[in-house]
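Take a look at the structure below.
This structure is a prediction, so every number in the text was calculated from the model and none was measured.
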2 protein chains.
Amino acid sequence: MATSAQIIDIGQEYIQKVGFHAFSYRDIAKRVGIRTASIHYHFPTKADLAMAIVERVREATSAAIADIDASARSAGERLRRYCGLFLRTWGQGDRLCPMCMLAMGQDAIPEEVRSGVRDFWQSGESWVAQTVRDGQASGEFRPDLDPRTVGRTFVAAMEGAMVAARAFTDRTRIEDVIDHLIDSVTARRTGGATAV
Amino acid sequence: MATSAQIIDIGQEYIQKVGFHAFSYRDIAKRVGIRTASIHYHFPTKADLAMAIVERVREATSAAIADIDASARSAGERLRRYCGLFLRTWGQGDRLCPMCMLAMGQDAIPEEVRSGVRDFWQSGESWVAQTVRDGQASGEFRPDLDPRTVGRTFVAAMEGAMVAARAFTDRTRIEDVIDHLIDSVTARRTGGATAV
DNA sequence: GTTTATCTATCTATTGGTAGGTAGTTTACA
DNA sequence: TGTAAACTACCTACCAATAGATAGATAAAC
């Protein structure tokens with residue numbers, strides 16, 4: 001594999017496992033088998049490396065969401081599969097969402113990086129909100145929900161669930177949250193009358 | 001104020017704003033107006049300082065929850081006020097939950113500290129679960145909810161909402177999540193029949 | 001006169017980053 | 001086609017700054 005791709009891979013792993021400030025170029029260099037100066041050749045500053053990672057993650061996420069849009073047959077399935085993306089990330093060696101790790105740092109993280117994180121986050125919220133609208137139109141979801149609020153809750157809850165999974169090394173922390181989130185949007189028919 | 005209390009205050013602020021690995025004893029020393037050696041006198045290692053902070057936060061949280069239990073008049077009010085604790089933390093200068101910041105670090109955070117974080121997290125989940133049971137008994141909340149699942153979702157969603165608030169410097173990210181969470185447990189009467 | 005809390009001075013290790021050099025490969029063009 | 005220039009991807013060696021931490025002196029408080 002190309003060296004720069006290896007550097008990005010390992011850098012991303014470190015960000016997901018310990019965060020931006022808890023690893024060094026030396027850590028990456030050791031694992032790739034090169035010197036730190038060679039990493040600076042590919043990524044002049046640590047911020048440059050973070051940016052490359054943010055861009056790659058955003059591309060991968062966009063692709064995954066496009067795939068969901070292309071193949072899911074209902075709004076409910078789309079939401080479930082979106083949540084499944086977080087579960088998949090966790091499955092790759094107990095890793096957290098890299099964007100979440102980069103979101104917490106305030107001015108300790110380069111502004112350029114944080115801007116990319118915001119774009120990632122907001123596009124997730126918007127996609128969920130649109131999916132909620134679709135599900136409301138089809139009668140799958142509760143008609144009284146505010147799509148924007150639900151979008152924000154889904155992203156926040158999934159990111160938080162990842163942190164919980166990390167704290168307890170427990171995948172069910174993520175699964176439980178998914179269950180309640182899906183349940184919270186699903187239309188229920190009580191007393192024989194449909195809510196629409 | 002006692003120096004050690006000042007050190008804890010400022011250390012906690014740093015943990016909440018940039019995380020455990022993005023500040024140093026030097027940063028604290030400058031703000032307190034002492035030398036780093038004096039901080040080592042009070043807290044021999046950085047892990048010791050983190051532990052002191054974790055213990056103080058847990059005590060404060062226990063007290064706040066005891067206050068809620070003593071004065072809230074319904075399960076719904078209790079949940080709302082629990083969520084309000086996160087909002088209050090954010091209000092103290094855009095700070096995140098210190099426990100969340102310490103939860104993400106994996107082996108980069110001392111195990112002793114992470115153990116304290118787990119206790120904090122789990123006690124929040126359990127308290128919410130018990131409150132859900134109370135609300136179900138009184139008819140306020142949906143009877144079909146699994147209290148444990150809801151407890152986990154509340155804590156995860158609130159912690160995630162804090163991260164979102166940080167990413168966007170936007171308090172409404174937290175408020176929206178609270179609204180949907182409360183809505184998700186509230187019993188609804190549709191078609192004229194009560195769900196119980 | 002012992003304890004408490006601070007200081008100065010220093011330590012070792014590591015941080016992100018730079019300077020300058022060098023094999024090996026590719027490109028330009030006479 | 002031969003060769004010189006340029007480029008790629010790495011290296012060694014180094015830098016100033018900072019990290020967390022320690023030793024020993026000192027001055028005030030009890």
Side-chain angles (χ1 to χ4, degrees), chain A residues 1-54 56 98 101-102 104-114 116, chain B residues 1-54 56 98 101-102 104-114 116:
Chain A
M1 182 174 19
T3 303
S4 68
Q6 272 188 77
I7 294 168
I8 290 182
D9 275 352
I10 294 172
Q12 183 178 330
E13 184 186 327
Y14 272 118
I15 287 178
Q16 293 182 261
K17 289 191 172 173
V18 297
F20 183 71
H21 294 288
F23 75 95
S24 68
Y25 268 26
R26 182 174 304 194
D27 295 321
I28 297 179
K30 267 185 205 151
R31 290 197 33 199
V32 176
I34 56 177
R35 302 303 166 124
T36 61
S38 306
I39 301 180
H40 281 286
Y41 168 76
H42 294 282
F43 305 98
T45 71
K46 213 180 168 188
D48 292 323
L49 174 58
M51 268 316 292
I53 291 168
V54 164
R56 202 182 61 161
M101 297 298 282
L102 291 169
M104 339 199 74
Q106 205 176 245
D107 39 286
I109 302 279
E111 165 54 28
E112 188 193 19
V113 171
R114 282 161 50 218
Chain B
M1 182 174 20
T3 303
S4 68
Q6 273 187 76
I7 295 168
I8 289 183
D9 275 352
I10 295 173
Q12 182 177 330
E13 184 186 326
Y14 273 118
I15 286 179
Q16 293 181 261
K17 289 192 172 171
V18 297
F20 184 71
H21 294 288
F23 75 96
S24 69
Y25 269 27
R26 182 175 304 195
D27 294 321
I28 298 179
K30 265 184 209 151
R31 290 197 33 197
V32 177
I34 56 177
R35 302 302 166 128
T36 60
S38 307
I39 302 179
H40 280 286
Y41 169 76
H42 293 283
F43 306 99
T45 71
K46 213 180 170 188
D48 292 323
L49 174 58
M51 267 315 293
I53 291 168
V54 164
R56 202 182 61 162
M101 297 298 281
L102 291 169
M104 339 199 74
Q106 206 177 242
D107 39 287
I109 302 279
E111 164 54 27
E112 189 192 19
V113 171
R114 282 160 50 218

Requested in this report: Check whether any side-chain N or O of B/His40 sits under 4.0 Å from OP1 or OP2 of C/dT6, and answer yes or no.
Outcome: no

Report task. Would you indicate which nucleotide in C/dT14, C/dC7, C/dT18 comes nearest to any side-chain atom of A/Arg26? Result -> C/dT14

Query raised in the report: Short question: side chain of A/Arg35, backbone of A/Ala29 - any donor-acceptor pair under 3.5 Å?
Result: no

Query - Spacing of B/Phe20 atom CZ relative to D/dG20 atom P, expressed in whole Å - result: 8 Å

Requested in this report: Please report, rounded to the nearest Å, how far the P atom of D/dA19 is from the CD1 atom of B/Ile39.
Outcome: 11 Å

Query raised in the report: Between A/Tyr41 and D/dA9, does any side-chain N or O lie under 4.0 Å from OP1 or OP2?
Result: yes

Query - Donor-acceptor pair, side chain of B/His21 and main chain of A/Val18, under 3.5 angstrom - result: no

Query raised in the report: Nearest to the side chain of B/Arg35, which nucleotide is it out of C/dG17, D/dA21, C/dC7?
Result: C/dC7

Query raised in the report: How long is the line joining OH of B/Tyr25 and P of D/dT18, in whole Å?
Result: 19 Å

Query raised in the report: So does B/His42 get a side-chain nitrogen or oxygen closer than 4.0 Å to the phosphate oxygens (OP1/OP2) of C/dT6?
Result: yes

Requested in this report: Give a yes/no answer on whether the side chain of B/Thr3 brings an N or O atom under 4.0 Å of OP1 or OP2 in C/dA5.
Outcome: no

Query raised in the report: Hey, does the side chain of A/Ser24 come within less than 4.0 Å of C/dT14's phosphate (OP1/OP2), counting only N and O?
Result: no

Query - Euclidean distance, atom NZ of residue B/Lys30 to atom C1' of D/dA19 [Å, nearest integer] - result: 13 Å

Query raised in the report: Counting only N and O atoms by type, is there a donor-acceptor contact under 3.5 Å from the side chain of A/Tyr25 to the main-chain atoms of A/Thr45?
Result: yes

Query raised in the report: In whole angstrom, what separates B/His21's NE2 from C/dT15's C1'?
Result: 15 Å

Query raised in the report: Would you say B/Ser38 reaches C/dA5's phosphate, i.e. side-chain N/O to OP1/OP2 under 4.0 Å?
Result: no

Query raised in the report: When you measure from the side chain of A/Arg114 to the backbone N and O of A/Leu102, does any donor-acceptor pair fall under 3.5 Å?
Result: no

Query raised in the report: Which nucleotide in the list D/dA21, C/dT6, D/dC10 gets nearest to the side chain of A/Ile34?
Result: D/dC10

Report task. For A/Phe43, report the nucleic acid contact type (base, sugar-phosphate, nothing); a contact means any heavy atom under 4.0 Å. Result -> nothing

Report task. Please examine the side chains of B/Phe20 and B/Lys46, heavy atoms only from C-beta on, and report whether any two atoms are closer than 4.5 Å. Result -> yes

Report task. Identify which nucleotide among C/dA9, D/dA19, C/dT6 has an atom closest to any side-chain atom of B/Asp27, counting heavy atoms from C-beta outward. Result -> D/dA19

